[in-house]
Trainee: 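So that we are looking at the same thing, I have put the structure below in structure tokens.
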Amino acid sequence: MVSLNNSSTSDASPLLDPAPAVAIPAGSVGLVTPELIGFDEPLQLSSGQVLPSYELAVETYGTLNAQRNNAVLVCHALNASHHVAGMSADNPSDVGWWDNMVGPGKAVDTDRFFVIGVNNIGSCFGSTGPASINPSTGKPWGAAFPMLTVKDWVLAQARLADYFGIDRFAAVMGGSLGGMQALGWAITCPERIGHCIVIASTPRLSAQNIGFNEVARRAIISDPDFHGGNYYEHDTVPRRGLSVARMIGHITYLSDDDMAAKFGRTQRSPGKNGEYHYGYDVEFEVESYLRYQGEKFSTYFDANTYLLITRALDYFDPSHSHNGDLAKALSVASAEFLLVSFSTDWRFPPSRSREIVQALLKNQTPVTYAEIDAPHGHDAFLLEDPRYHAMVQSYYDRIAFELGLPARQSVNGVLA
Amino acid sequence: MSKTLKLAAHDAVRRADEASRQAGRGIRADLARIASWIEPNSRVLDLGCGDGTLLAHLHDQKNVEGAGVEFDDARVISAVRRGVRVIQQNLEEGLALFDSQQFDSVVLSQTLQAMHHTEHILNEMARVARYGIVSFPNFGYWPHGFSILRGRMPVTGEMPYQWYDTPNIHLCTLKDFEALAAKLKLRITHLATFNAEKEVKFLAGWRSTLAVYRFESPVAASN
């Protein structure tokens, strides 16, 4: 990040000298500060449990218009947050996780759309979660925090929509688990969503998906520092387990080709003539990378949140209450759909998105489906493929046109 | 992303931009004829819908609910820009995404000759819709025969390719197509033939470069 002196008289008195400004790149929403919004009405959860009250950490970009019809909700996946776009005001190097997608002149154009990023309940970036204080005990919730489902998140988000006075979102959008929430919106609140944008997602996890989640959870739960989920009281965190969980997850986000290209069999510090070290320390680059990713993750992510969210992923299956009939589950949806998948995503491969497309076609629900031939596996939904961004941008431009929003003023970001 | 992939991706967006700039122009004579065979307020599937020209036209002129299938990135993007609902997939994979008799009409415009599984796609068309419409370059166009008599493969307006770079692997004449339609029990209801965007009525088998057929599905006909 480049600091700019916006005053030529930098030797002026300290009182008059403005704080050093930060350069705002074209297409960025600029510096952003999250807002904490409290909800006192108890939330009835799918598990039968009740969350007595909760707070949601929220960022918004752009302006809600007078008709309140230009709002877009962006739902996050496993390890992301409400910080979708822009630079955190208190740490400008902290750029939003979908900053390449959301901003003035970007695919989701904040010159025309009012975009909401929300941290889900159960998460660990400011919204009420297992590390928050349980009002009935005065101690962190820990293991006592209720189990959550995608539907619970949708219901909590619906109250956020009420808070902003939004009856109907122009679009609800997300990738991976975020896409499941978008799908959940189309089913749970069909009249409150105009367009449902589901990227790199799936109508339900496969046995293999659940298997990976379970390995990750066992890594956390069997860490001696886990203390049955109440590690906060012991002033520790199950860092090793969480780190292993993240390493496993990370592998599933990348494609085989991508890992081959990034790391191959490159050795970290080969001996003479490429000799191996014959031990269990880091031998290959890929090991070093995964360990680093795991350790970094374990310093900022909450282990109970990891358990909760992977479980919510496992439970997601709208067809479950319709004898496995996805088309029936989706028959209440009145939104128009955009689905995008990526050819090398083996976590949620194109065939899973096609199941959703097929169900929607069967219901004669309007649907557009793009299958992007991209090399980056599941992670592709966060990356800057121009075809992908052109699809999403074209789709949003149509939404803007249909709603009578002003025409796009600029093109920034991936397509600039 | 590798440099070639990045270039290809940017090229797709550039081609989409080009198509969008041309979107205002009127539609070709063969597409206009296809549109004339489609009932207002009906449901249409356009296979190989390109940039969505036909579906956008049908939507605007006939209030038709349409869906397109297209494989090429650039064309999918331009179709989305026109507000056409499009499913990105390779037609060779078949129409498994679509239910039987889900549409009133299904269109395959100037694509049949480039498909590997000719019979399969025609059967699939008959499965998903009551009426099928196909267009293809007429190999029986007389200069083609003349070219072959001179010892060279024909290269003409509708088939501007050399033998070694042509995507057209299943070329046929009008009579050839009619024989296949009979074999597959597709009842031909309409035929229109064109040469350079002008309709040809006299000696069409020789004089036309493009044939457009409409047929009724045996599935629907037996209902």
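Please read all numbers here as calculations on a predicted model, not as lab measurements. Chain naming here is simple, since letters A, B, ... match the order of the sequence lines and numbering starts at 1 in each. Values below: all heavy atoms of this structure, side chains included; hydrogens, waters and symmetry mates excluded.
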Trainee: Give a yes or no on this: more than 12 heavy atoms of other residues, nucleotides or ligands lie within 6.0 Å of atom CG of A:D325.
Mentor: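 Counting neighbours around CG of A:D325, more than 12 heavy atoms of other residues, nucleotides or ligands fall under 6.0 Å, so yes.
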Trainee: Do B:E65 and A:Q364 come close enough that some side-chain heavy atom pair is under 4.5 Å?
Mentor: no
Trainee: Determine whether more than 12 heavy atoms belonging to other residues, nucleotides or ligands lie under 6.0 Å from atom CG of A:N323.
Mentor: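 Atom CG in A:N323 is not packed in, count stays at 12 or less.
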Trainee: Picking from B:L97, B:V86, B:I87, what satisfies side-chain contact (heavy atoms from CB on, under 4.5 Å) with A:V367?
Mentor: B:I87
Trainee: What do you reckon, is NZ of B:K185 surrounded by more than 12 foreign heavy atoms closer than 6.0 Å?
Mentor: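 Not more than 12 within 6.0 Å, no.
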Trainee: Roughly how far, to the nearest 0.5 Å, is CZ of A:R387 from CD1 of B:I77?
Mentor: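 Atom-to-atom, B:I77:CD1 and A:R387:CZ are 8.5 Å apart.
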Trainee: When only heavy atoms count and the cut-off is under 4.5 Å, which of residues 327-340 of chain A reach chain B?
Mentor: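 Result: A:E336.
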Trainee: Which heavy-atom pair separates B:V80 from A:M391 by the least distance, and what is that distance?
Mentor: CG1-O, 4.1 Å
Trainee: Counting only heavy atoms closer than 4.5 Å, note whether B:D73 contacts chain A via side chain, backbone, both or neither.
Mentor: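 Answer is both: backbone and side chain atoms of B:D73 are under 4.5 Å from chain A.
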Trainee: Measure B:A96 against the heavy atoms of chain A and call it side chain, backbone, both or neither at under 4.5 Å.
Mentor: backbone
Trainee: Can you tell me if B:E199 has over 12 outside heavy atoms packed within less than 6.0 Å of its CD?
Mentor: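 Enclosed: over 12 neighbouring heavy atoms sit under 6.0 Å from CD of B:E199.
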Trainee: Do you know which of A:R354, A:Q393, A:E355 has the most heavy-atom pairs with chain B at a distance under 4.5 angstrom?
Mentor: A:R354
Trainee: Rounded to the nearest 0.5 Å, what separates atom CD in B:Q88 from atom CD1 in A:I372?
Mentor: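 The CD atom of B:Q88 sits 6.0 Å away from the CD1 atom of A:I372.
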Trainee: Within the distance-only criterion (no hydrogens, no angle test), does the side chain of A:Q358 pair as donor or acceptor with the backbone N or O of B:F98 below 3.5 angstrom?
Mentor: no
Trainee: Non-hydrogen atoms of chain B under 4.5 Å away: do they reach the side chain of A:L415, the backbone, both or neither?
Mentor: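 It is the side chain, since no backbone atom gets that close.
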Trainee: How close do B:V13 and A:P386 get, counting heavy atoms only, and between which atoms?
Mentor: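 That closest heavy-atom pairing would be CG2-O, 3.6 Å.
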Trainee: Looking only at heavy atoms, which two atoms of A:P366 and B:R85 are closest? And how far apart?
Mentor: CB-NE, 3.3 Å
Trainee: To the nearest 0.5 angstrom, please state how far the OH atom of A:Y369 sits from the CD atom of B:Q89.
Mentor: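 The CD atom of B:Q89 is 9.0 Å from OH of A:Y369, to the nearest 0.5 Å.
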Trainee: Flag yes if more than 12 heavy atoms outside B:H59 fall under 6.0 Å of its NE2 atom; otherwise flag no.
Mentor: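 12 or below, so no.
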